[in-house]
*Asks:* 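To start, I am sharing the structure in question, which I have written as structure tokens.
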Amino acid sequence: MFEVESDIRKAKTLLSEFYTDERFFEMSREKIFERAWHFIGQSNEVESLKPTTLLPGFVDEPVLLSRVDGDVVCLSNVCTHRGKILVEERCKANLIRCGYHGRRFSLDGRFLSMPEFEGVENFPSPADDLKQLPLAEWRGFLFASIDPFAAFDDVVANMPDIGFESDELKLTSTRKYEVDAHWALYCENYLEGFHIPYVHRSLNEIVDYGSYTTETIRYASLQTGFGDDGSIAAKYLFIFPNLMFNFYPWGVSVNVVRPIRPSKSVVEFLTYVADESLIEKSAGADLHGVEMEDEAVVESVQKGIRSRFYLHGRYSPTREQGTHHFHRLIAEFMQ
Ligand code: FES
Ligand SMILES: [Fe+2]
């Protein structure tokens, strides 16, 4: 259905139907997002039990992060009896007890006990334990998946050096933006610096457009913006399909793109700061202003791709490698 040539000079961009047709939106949930790694915060935020949801509004899977002997595990947060959500709020505990009929589980998800179940056959069985989900930790950040398309280590393998240590990062703000555009339009705009001189005048003064680079690896890509003095102004890491890690001299801004409808997405901005004194004057100083500029173009594209006269475009071989790589991954997953 979707095909994007590997040779960027011959390739055409994804057919516009991918963004407009409800069926493909549903297909992307199953074929892409249910197999993706989802960002679920920092490991040092998990003291004992912390409930969360994988990609709210789209994947919507309730999970429970639990600390067991120092390690974090990710469990299904749904009681194996009649399906109540087990833990509703972050808390400290030494076992998990369902608030509906009292079923108990150990912190690693094993069934422990259940009142009034004497005489029930083949009980308990492994199906009564809480399912444990694949979980990965990378630079203090946690990722979980229902059925990952690749091991997380393989997703970040062969990553060019980011030169960033995340030991002392603190979450200082979270923000949500509603964007009237398809999730992939938002991502593909992020994946090229081509538009910087046209769309982001203030950012263009900080980042030297001529030396901007893009490196692609199997499921990720890394863009680097340099300042006028040749120093690194920012590194922009994209992890397929919807995660953005922006490394600045002062810390990391993480963006999670959440599909809502084919023409609507929510983008979460989580700001993790290591050194507050460096924020001003850096490429990440005016994130809000840059975001408004990006949203305006992406929303304009959303209107444009519905046109009867637009089916697909072509790529700049020097400026759109990241977008080409992203479209190729979408085409691969949508088979
Ligand atoms: S739903 Fe949990 S004990 Fe009944
Ligand atoms: Fe932009």
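All ligand and atom numbering here is 1-based and tracks the order in the structure. No hydrogens, no waters, no symmetry mates; every other heavy atom, side chains included, goes into these values.
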*Asks:* For a 4.5 angstrom cut-off between non-hydrogen side-chain atoms, does Tyr236 reach Tyr212?
*Replies:*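 Result yes, sub-4.5 Å side-chain heavy-atom pair found.
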
*Asks:* By residue and atom, what protein N/O/S atoms are less than 2.8 Å from the Fe ion (ligand 2)?
*Replies:*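 Listed by chain and number, the nearby protein N, O or S atoms are His195 NE2, His200 NE2, Asp294 OD1, Asp294 OD2.
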
*Asks:* Distance below 2.8 Å from atom 4 (Fe) of ligand 1: how many protein N/O/S atoms qualify?
*Replies:*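 For atom 4 (Fe) of ligand 1, the figure is 2.
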
*Asks:* Assert yes or no for the condition that the ring centre distance of Phe238 to His325 is strictly below 6.0 Å.
*Replies:*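 Not under 6.0 Å, so no.
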
*Asks:* Looking only at heavy atoms, what is the nearest atom pair of Thr13 and Tyr315, with distance?
*Replies:*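 Taking Thr13 first and Tyr315 second, the nearest heavy atoms are CA-OH, 3.2 Å.
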
*Asks:* So His38 and Phe33, would you call those rings parallel, tilted or perpendicular, with 30° and 60° as cut-offs?
*Replies:*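 Parallel.
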
*Asks:* Closer than 3.5 angstrom, by distance alone: can the side chain of Arg90 be matched with the main-chain N or O of Glu45 as a donor-acceptor pair?
*Replies:*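 Present.
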
*Asks:* If hydrophobic clusters are built by linking Ile, Leu, Val, Met, Phe, Trp and Tyr wherever their side-chain heavy atoms come under 4.5 Å apart, do Leu203 and Met244 end up in the same one?
*Replies:*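 Yes: a chain of side-chain contacts under 4.5 Å links Leu203 to Met244.
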
*Asks:* Any ion pair linking Arg218 and Glu332 (charged N to carboxylate O, less than 4.0 Å)?
*Replies:*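 Arg218 and Glu332: salt-bridged.
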
*Asks:* For Val257 versus Leu55, what's the shortest heavy-atom pair and its separation?
*Replies:*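 Nearest pair, atom of Val257 first, then Leu55: O-CD1, 4.0 Å.
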
*Asks:* Between Arg23 and Glu26, is there a side-chain N and carboxylate O pair less than 4.0 Å apart?
*Replies:*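 No, this pair does not count.
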
